[in-house]
Every structure is written in structure tokens, then in C-alpha cells.
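Report on one structure; see the data block that follows.
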Amino acid sequence: MSTGAPAAQTPKTFQPRIFSGIQPSGGLTLGNYLGALKRFVEKQDEGIETIYCLVDLHAITVWQDPEKLRQQTREAAAGFIAAGIDPARSILFNQSQVPGHAELAWIFNCVARIGWMYRMTQFKDKTAGKNAENSSLGLLAYPSLMAADILLYQATHVPVGEDQKQHLELTRDIAMKFNHDYKVDFFPITEPVIEGAATRVMSLRDGTKKMSKSDPSDQSRINLTDDADMIAAKIRKAKTDPAPLPETLDGLKDRPEAKNLVNIYAALSGQSAAQVVTEYAGAPFGTFKPRLAELAVAKLSPITNEMNRLMKDPAEIDRILGQGAGRADAIAAPILEQVFDIVGMVRSRRPPG
Ligand code: AQP
């Protein structure tokens with residue numbers, strides 16, 4: 001996408017730092033796991049500085065029941081830890097505990113252009129069939145807050161699923177426009193990291209729609225809280241076509257549901273989709289689905305069990321999130337101070353107490 005923002009100045013080198021987030025707007029799905037969480041763990045294990053955030057301010061861009069939101073935030077934190085995020089190595093926190101996110105987002109609201117926001121496909125998708133004028137102002141400004149989440153830490157890389165690519169491009173445009181307008185080389189031009197066999201996991205009921213935690217049909221997704229029987233039943237009932245699996249990837253063209261199940265199998269097993277197709281060439285779904293269910297249960301059940309264990313101690317989860325917020329704030333606060341200085345805000349020293 002080109003927003004018409006001016007080109008970047010000569011880029012300076014920034015310390016590699018990864019930031020990414022997930023909205024606690026429902027329970028985590030297999031899509032969140034394969035498209036984001038599993039890769040967050042891989043990045044942590046590569047030894048790069050990693051900052052992971054439960055973006056609760058994003059979640060309230062659509063209505064959230066307050067008690068459920070708190071529960072979902074703790075559950076998502078448990079999901080991160082159960083999937084392998086180590087709060088001692090990665091910074092794990094919820095967004096609203098670090099005020100810099102909202103403060104920088106306001107500055108970016110004044111840098112970004114309204115037209116850029118209206119062009120976002122996620123905004124169009126989320127308001128499709130509804131009166132867009134009646135959606136929250138926050139839903140329209142969502143990408144500006146997302147840019148703030150990332151740039152508050154001068155993050156250089158953001159692992160995301162395919163659906164977030166356009167928002168990442170907007171983050172780059174905001175960084176470039178800020179740097180240009182204020183004649184500074186302050187924000188990095190962040191790189192999206194979209195890789196792996198399942199960058200876009202599709203609904204189990206409709207292979208043309210993304211698997212989503214807010215889809216009204218629970219059958220459309222696998223939740224990280226689903227038990228083995230539920231996972232197996234959802235895969236058994238997943239929509240497919242009558243043809244067997246093809247011999248090459250080309251044979252998956254125009255077969256979105258079949259392609260989706262092959263991609264899920266590939267991502268869970270650590271193979272490429274081509275390898276999966278070779279292994280199951282000519283197999284009917286009656287053979288493939290039980291194997292996929294077995295694999296999904298083997299990979300997801302340990303995470304679900306650990307999540308359930310962690311959820312028994314919400315005070316410990318809150319402690320971890322609080323500690324993460326303190327560490328995040330220690331990185332963010334001096335960066336935000338520099339931003340306030342760049343844009344011309346008076347910053348007075350306050351008397352202690
Ligand atoms: N189906 C998916 N396939 C691959 N990646 C996915 N992600 C989400 N769904 C899929 C990735 O998960 C990260 C966090 O996403 P999010 O929760 O912040 O927002 P989202 O993309 O809008 O996810 P949902 O489940 O669709 O949430 P709702 O329903 O609340 O809007 C991102 O990296 C995303 O790419």
C-alpha cells in the first residue's frame with residue numbers, strides 16, 4: 001500500500017528488538033497459535049530481545065464485557081506462558097499497564113491521515129454489513145495505536161500473521177512521516193516477519209474466511225482451551241470437498257478448505273505443505289482428518305493442560321504481567337520523553353511526592 005507518505009531518510013541502525021501482541025478479545029485460537037504465538041516462542045529462543053503484549057486497549061475497540069475482558073487477558077497470558085513464552089526472558093505484559101502506548105498513539109493520530117485509516121481492509125471487514133459511522137472511533141484509529149505499540153519500543157521486527165501486513169505497512173508510513181515532518185531519524189522502519197506454513201489459518205466452516213476468535217460460530221475455530229474430544233470433533237466436522245488429497249500443491253488450487261487443513265497439518269508437524277501433500281497423495285479426508293486430529297491433540301493438549309494449571313493462580317498471572325509492565329515501561333518511558341521533546345512539549349521537573 002502507498003499512503004503517499006514521504007520516503008524515509010537514510011536509515012540509522014537500531015538495536016534488533018521484537019515486539020508483537022494479541023488482543024484478549026476472546027479465547028486464543030489455533031490461528032493465533034500458528035500465525036503468532038508459536039513464532040513468538042521461536043523468536044524468543046533465537047536470543048533476540050522480545051516484547052509481547054496483550055493488547056487490551058485494542059480489544060475495547062469493539063464492546064467487551066469488563067469481567068470477561070479481565071478473564072480473557074489472564075487466560076491469554078496463561079496461553080503465552082503455556083506455549084513457551086518465558087517471562088524471565090521475554091517481556092510479557094498487558095498494554096493498558098504502560099501508559100506510553102496511549103500517549104504515543106495520540107501523537108500518531110496527529111501524524112497519520114484519516115484517509116489512511118479508511119483504506120484499512122480490517123476496518124472495512126469489521127464494519128462490513130454494518131453502519132460504519134456507528135463503529136467506535138477507536139476501531140478506525142486502531143492502526144495508529146498499533147504503530148504506537150511497536151514504535152514505543154523502537155522495535156525493528158514484528159512477527160505477525162498475514163492479516164496484519166497492511167497495518168504493518170501503515171506503521172512504516174507513520175514512522176516515515178514522523179521522521180520527515182520533524183526532520184529526525186528517530187523511529188525505525190519496522191520489518192514485518194510473516195513466515196511459516198500457516199500465516200493465514202482459515203475458518204473450519206469456510207475456507208475463504210480467516211479463523212477468528214470473534215467468529216460467532218465456535219465450530220469455525222479450534223480454541224486453545226478446547227479439550228481433545230472437542231478438537232477431534234471440530235476437525236471431523238470441518239468442511240471439505242469430496243475429492244481425495246491431490247499429488248501436488250497445484251491440485252489444492254480452488255480447494256480452500258482442503259488447502260487449509262493441509263497447511264494446518266504442515267505447520268503443526270513442522271513440514272512444508274508440499275511434503276504433506278506428497279505423504280497423503282490420493283488419501284481421502286476420512287483418512288487424513290483423523291491423522292490431523294491426532295497431531296493437533298498431541299501438539300495442543302499439553303498447552304491446554306498447562307494453561308488450565310496456570311489459570312488456577314490468577315494472582316501469579318497478575319504478578320507476572322505487572323513485572324513485565326515495569327520492564328516494558330523502563331524501555332518505553334525514555335523513548336517517549338524524546339518524542340515529547342521532538343514534538344515541542346514542555347516537560348517540567350515535578351517536585352517529589
Ligand atoms: N487465522 C489466523 N491465521 C494466522 N494468524 C492469525 N492471527 C490471528 N488470526 C490468525 C495472528 O494473531 C495475532 C494476533 O491477532 P489479534 O488477536 O490481535 O487480532 P486478529 O488478527 O484480529 O485476530 P482475531 O482472532 O481475528 O481477533 P478478533 O476476532 O478479535 O478480531 C496477529 O499476529 C494475527 O496476524
Side-chain angles (χ1 to χ4, degrees), residues 18-43 50-65 68-69 72-73 75-77 79-80 83 85 92 94-95 101 120-128 130 135-136 138-139 142-143 145-147 149-150 155 157-171 190-218 220-225 238 256-257 259-261 263-264 266-268:
I18 285 181
F19 176 93
S20 201
I22 292 189
Q23 297 184 75
S25 45
L28 296 177
T29 68
L30 180 67
N32 294 132
Y33 176 65
L34 293 176
L37 203 41
K38 184 168 179 285
R39 296 171 45 234
F40 295 174
V41 177
E42 288 161 7
K43 294 290 162 205
T50 40
I51 305 176
Y52 296 128
C53 186
L54 304 165
V55 287
D56 47 9
L57 296 175
H58 281 279
I60 59 164
T61 55
V62 296
W63 168 253
Q64 303 291 333
D65 174 83
K68 272 196 191 154
L69 178 61
Q72 286 160 193
T73 303
E75 191 182 279
F80 272 61
I85 295 299
L92 177 63
N94 57 310
Q95 187 186 26
H101 289 256
M120 294 295 105
T121 53
Q122 183 167 297
F123 179 73
K124 289 183 197 165
D125 290 348
K126 291 207 165 176
T127 54
K130 299 178 199 149
S135 61
S136 75
L139 189 66
Y142 181 112
L145 177 58
M146 181 165 159
D149 298 336
I150 296 162
H157 295 85
V158 180
V160 277
E162 181 73 37
D163 61 314
Q164 293 298 329
K165 191 165 178 242
Q166 196 187 29
H167 287 163
L168 255 298
E169 281 163 3
L170 193 93
T171 297
T190 308
E191 292 289 337
V193 186
I194 301 171
E195 58 196 9
T199 54
R200 192 168 172 82
V201 178
M202 309 309 280
S203 157
L204 298 179
R205 308 304 307 158
D206 176 352
T208 63
K209 259 174 69 184
K210 190 184 80 150
M211 183 182 285
S212 202
K213 46 177 120 65
S214 57
D215 191 311
S217 164
D218 191 60
S220 70
R221 61 178 166 263
I222 291 173
N223 305 299
L224 288 195
T225 48
E257 284 86 16
K259 186 174 172 192
N260 187 36
L261 295 188
N263 283 341
I264 292 173
L268 286 170

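Counting starts at 1 for both ligands and their atoms, following the listed order.
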Do me a favour and list the nearest non-hydrogen protein atom to atom 18 (O) of ligand 1 with residue, atom name and distance? Q23 N, 3.1 Å
Identify which of K210, R221, M211 has a heavy atom lying nearest to atom 22 (O) of ligand 1. K210
When rounded to the nearest 0.5 angstrom, what is the spacing between OG1 in T50 and CG in L92? 10.0 Å
Only heavy atoms of G21, strictly under 4.0 Å: list the atoms of ligand 1 that pass. 14 (C)
Strictly distance-based, threshold 3.5 Å: is any side-chain N or O of R39 a donor or acceptor partner for the main-chain N or O of V193? yes
Using a 4.0 Å heavy-atom threshold (strictly under), name the region of T199 that reaches ligand 1: side chain, backbone, both or neither. backbone
Side-chain donor/acceptor pairs under 3.5 Å, residues 52-59, sequence neighbours excluded:
from : atom 1 : to   : atom 2 : distance (Å)
Y52  : OH     : F40  : O      : 2.8
D56  : OD1    : S96  : N      : 2.9
D56  : OD1    : S96  : OG     : 3.4
D56  : OD2    : N94  : ND2    : 3.0
D56  : OD2    : S96  : OG     : 2.7
H58  : NE2    : D149 : OD2    : 2.8

G35 neighbourhood, listing ligand 1 atoms whose heavy-atom distance to it stays under 4.0 Å: 4 (C), 5 (N)
For the backbone of Q64 and the side chain of K68, can you confirm whether one donor and one acceptor N or O come within less than 3.5 Å of each other? no
The closest protein heavy-atom partner of atom 27 (O) of ligand 1 is K213 NZ, 3.1 Å
Considering non-hydrogen atoms of the protein only, which is the closest contact for atom 12 (O) of ligand 1, and what is the distance? N32 ND2, 3.1 Å
So which of S25, G31, S20, S214 gets nearest to atom 6 (C) of ligand 1, if we judge by its closest heavy atom? G31
Is K126 near ligand 1, meaning one of its heavy atoms is under 4.0 Å from it? yes
Can any side-chain N or O of T29 pair as donor or acceptor with the backbone N or O of S212 at less than 3.5 Å? no
Please check if the side chain of R221 supplies one atom and the backbone of K213 the other of a donor-acceptor pair under 3.5 Å. yes
In terms of atom number and element, which parts of ligand 1 are under 4.0 angstrom from non-hydrogen atoms of Q164? 21 (O), 32 (C), 34 (C), 35 (O)
In terms of residue, atom name and distance, what is the protein heavy atom nearest to atom 3 (N) of ligand 1? V201 N, 2.8 Å
Would you check if the side chain of N223 reaches a backbone N or O of T225 as a donor-acceptor pair within less than 3.5 Å? no
Exam field: side chain E162 to backbone T199, donor-acceptor pair closer than 3.5 Å: no
Which part of R200 is near ligand 1, with near meaning a heavy atom under 4.0 Å away: side chain, backbone, both or neither? backbone
Output the list of atoms in ligand 1 that are nearer than 4.0 Å to some heavy atom of G161, sorted by atom number. 5 (N), 33 (O), 34 (C), 35 (O)
Taking Q95 for the side chain and H101 for the main chain, is one N or O donor matched with an acceptor at less than 3.5 Å? no
Polar atom proximity, D215 to ligand 1 (N or O, under 3.5 Å): no
Distance-only, no hydrogens or angles: does the T190 side chain make a donor-acceptor pair with backbone N or O of A155 under 3.5 Å? yes
Is V55 close to ligand 1, meaning an N/O of one under 3.5 Å from an N/O of the other? no
Please identify each residue that fulfils salt bridge (charged side-chain N to carboxylate O under 4.0 Å, His left out) with D163, with sequence neighbours left out. K210
Less than 3.5 Å between some nitrogen or oxygen of P159 and one of ligand 1, yes or no? no
Could you tell me whether a side-chain N or O of S20 sits under 3.5 Å from a main-chain N or O of P159, the two making a donor and an acceptor? yes
Heavy-atom nearest neighbour in the protein, as seen from atom 24 (P) of ligand 1, with distance rounded to 0.1 Å: S212 OG, 3.5 Å
Heavy-atom contacts with A36 under 4.0 Å: which atoms of ligand 1 show up? List them by number with element. 12 (O), 13 (C), 33 (O)
Can you check which of T29, D163, L54 brings a heavy atom nearest to atom 34 (C) of ligand 1? D163
